[in-house]
Number of protein chains: 2
Amino acid sequence: MSDRRAQRHEATRQEILEAAWALARERGLTGWSLRDVAESVGMRAPSLYGYFDGKDAIYDAMFAQGYEQLLARLDELPTRGDPAEVLGRGAHAFVDFCVSDPPRHQLLFQRVIPGFEPSAESYALAREVLSRLHAILADLDLDRPGTVDLWTALLTGLASQQASNDPGGDRWTRLVDRAVDMFLASELTRA
Amino acid sequence: MSDRRAQRHEATRQEILEAAWALARERGLTGWSLRDVAESVGMRAPSLYGYFDGKDAIYDAMFAQGYEQLLARLDELPTRGDPAEVLGRGAHAFVDFCVSDPPRHQLLFQRVIPGFEPSAESYALAREVLSRLHAILADLDLDRPGTVDLWTALLTGLASQQASNDPGGDRWTRLVDRAVDMFLASELTRA
DNA sequence: GTCTATAAATGGATAGAC
DNA sequence: GTCTATCCATTTATAGAC
């Protein structure tokens with residue numbers, strides 16, 4: 001029975017997080033309050049403290065959840081085969097992931113919330129993503145020092161410009177294939 | 001005498017803006033209040049309304065100032081000559097500009113402040129930067145559609161990753177030359 | 001587990017005296 | 001031009017009743 005209680009508790013936690021994400025998408029990553037979240041789930045603000053230690057704890061759970069979602073996307077991708085195909089699929093998946101949820105992009109990849117730092121547990125997920133990325137590129141014989149960093153800079157740059165300067169459009173997302181070709185040509189000639 | 005008054009007024013405006021920048025660098029772009037700014041310049045909060053219409057007006061002036069600073073940097077750069085040289089100088093200048101002041105980077109290139117939109121006058125400066133960039137690249141015969149956008153994505157990506165994930169270090173800034181070579185090789189082969 | 005009530009602080013902004 | 005005083009709203013968070 002404690003099991004059922006724990007399940008219900010966890011379900012409510014997820015409801016709260018989903019409400020927070022929805023508000024972030026509507027009003028910006030920092031444009032909502034605990035009262036707003038509480039109202040969205042039919043509660044009063046103090047009741048949230050039964051599920052989270054405070055607003056930063058909610059941000060931390062969102063941070064972890066965002067990276068878990070990214071890891072799930074990476075799991076669906078092919079990791080071997082033609083480098084252009086593997087990188088192209090990965091690039092589109094990643095940029096889509098970022099552009100489809102700008103506040104998530106800000107939370108995961110930019111330092112936007114004054115005072116907020118992810119917990120060690122949450123940050124470990126971020127490192128896991130990096131580690132997977134490194135493994136994928138290494139499998140393609142792209143493992144010069146800095147290659148992963150150049151790759152992430154290129155993709156987050158495209159995504160960030162798209163979200164900030166042409167929300168809803170495709171001015172930068174349509175450059176993804178060109179960026180992949182550029183990256184691959186450059187890296188392969190020196191591999 | 002009205003001239004002297006206007007000069008003093010403008011000087012105080014600059015003092016206020018400089019205090020706001022300093023606070024933004026210390027506590028994050030949104031981590032300060034009008035009271036904080038006022039205290040920094042030896043005033044009380046209401047007195048600021050003699051110089052700005054409110055907090056968003058300060059953000060707007062900062063936005064304009066940031067782009068004016070960027071335009072000034074661009075003015076110091078060579079715009080003709082060896083493409084690798086021109087692009088390399090420009091890339092280093094731009095990334096340094098971004099990394100040296102992360103909150104400025106957020107204000108100019110990311111949508112971070114809930115509800116804030118730059119005024120038409122301020123936004124015109126942003127378009128002026130883009131226009132200059134376009135002219136520089138066109139002079140180098142790099143004027144395919146999308147070339148400017150790929151360039152800005154690459155450079156803001158490097159700068160953003162550097163500021164967010166290795167503040168004070170050089171993990172991404174040291175990739176600037178490599179990024180320039182990559183970009184130039186790719187663009188020249190199709191020009 | 002959720003509520004009311006409230007603390008305690010902070011925020012942007014305005015009115016009116018000097 | 002700057003101040004004091006204050007408004008009014010908002011925020012995170014806690015105490016304690018039910």
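No experiment lies behind these values; they were computed from the predicted model shown. Residue numbers begin at 1 in each chain, while the letters A, B, ... track the order of the sequences.
Under the rule for a ring pair (Phe, Tyr, Trp, His ring centres under 6.0 Å), the partners of A:Trp32 that lie at least two apart in sequence or sit in another chain are A:Tyr59. Scanning for ring pair (Phe, Tyr, Trp, His ring centres under 6.0 Å) contacts around B:Trp151 gives B:Phe183, with sequence neighbours left out. Qualifying salt bridge (charged side-chain N to carboxylate O under 4.0 Å, His left out) partners for A:Asp139, counting only residues two or more places apart in sequence or in other chains: A:Arg80. Qualifying salt bridge (charged side-chain N to carboxylate O under 4.0 Å, His left out) partners for A:Arg132, counting only residues two or more places apart in sequence or in other chains: A:Asp75, A:Glu128.
One finds a side-chain N or O of A:Ser47 lying less than 4.0 angstrom from the OP1 or OP2 phosphate oxygen of C:dC3.
Applying a 4.0 Å cut-off to non-hydrogen atoms, none of the residues of residues 9-27 of chain A approaches DNA chain D.
Of the possible polar contacts, none joining the B:Tyr67 side chain to the B:Tyr123 backbone as a donor-acceptor pair under 3.5 Å is found.
Regarding A:Gln7, its CD atom lies at a distance of 14 Å from the P atom of C:dG1, rounded to whole Å. Whole-Å rounding puts the A:Glu39 CD to D:dT10 C1' distance at 14 Å.
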Derivation and outcome, salt bridge (Lys or Arg N to Asp or Glu O under 4.0 Å), residues A:Glu68 and A:Arg104: CA-CA 12 Å; A:Glu68 277 160 9; A:Arg104 181 175 63 187; over 6 Å; no
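For the residue pair A:Arg178 and B:Thr147, a side-chain donor N or O sits within less than 3.5 Å of a side-chain acceptor on the partner.
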Hey, what are the protein-to-nucleotides 9-13 of chain C N/O distances that come in under 3.5 Å?
unit_1	atom_1	unit_2	atom_2	d
C:dG11	OP2	B:Ser33	OG	3.4
C:dG11	N7	B:Arg35	NH1	3.4
C:dG12	OP1	B:Lys55	NZ	3.0
C:dG12	OP2	B:Leu34	N	2.9
C:dG12	N7	B:Arg35	NH1	3.2
C:dG12	O6	B:Arg35	NH2	3.3
C:dA13	OP2	B:Tyr49	OH	2.9
C:dA13	OP2	B:Lys55	N	3.1
C:dA13	O5'	B:Tyr49	OH	3.0

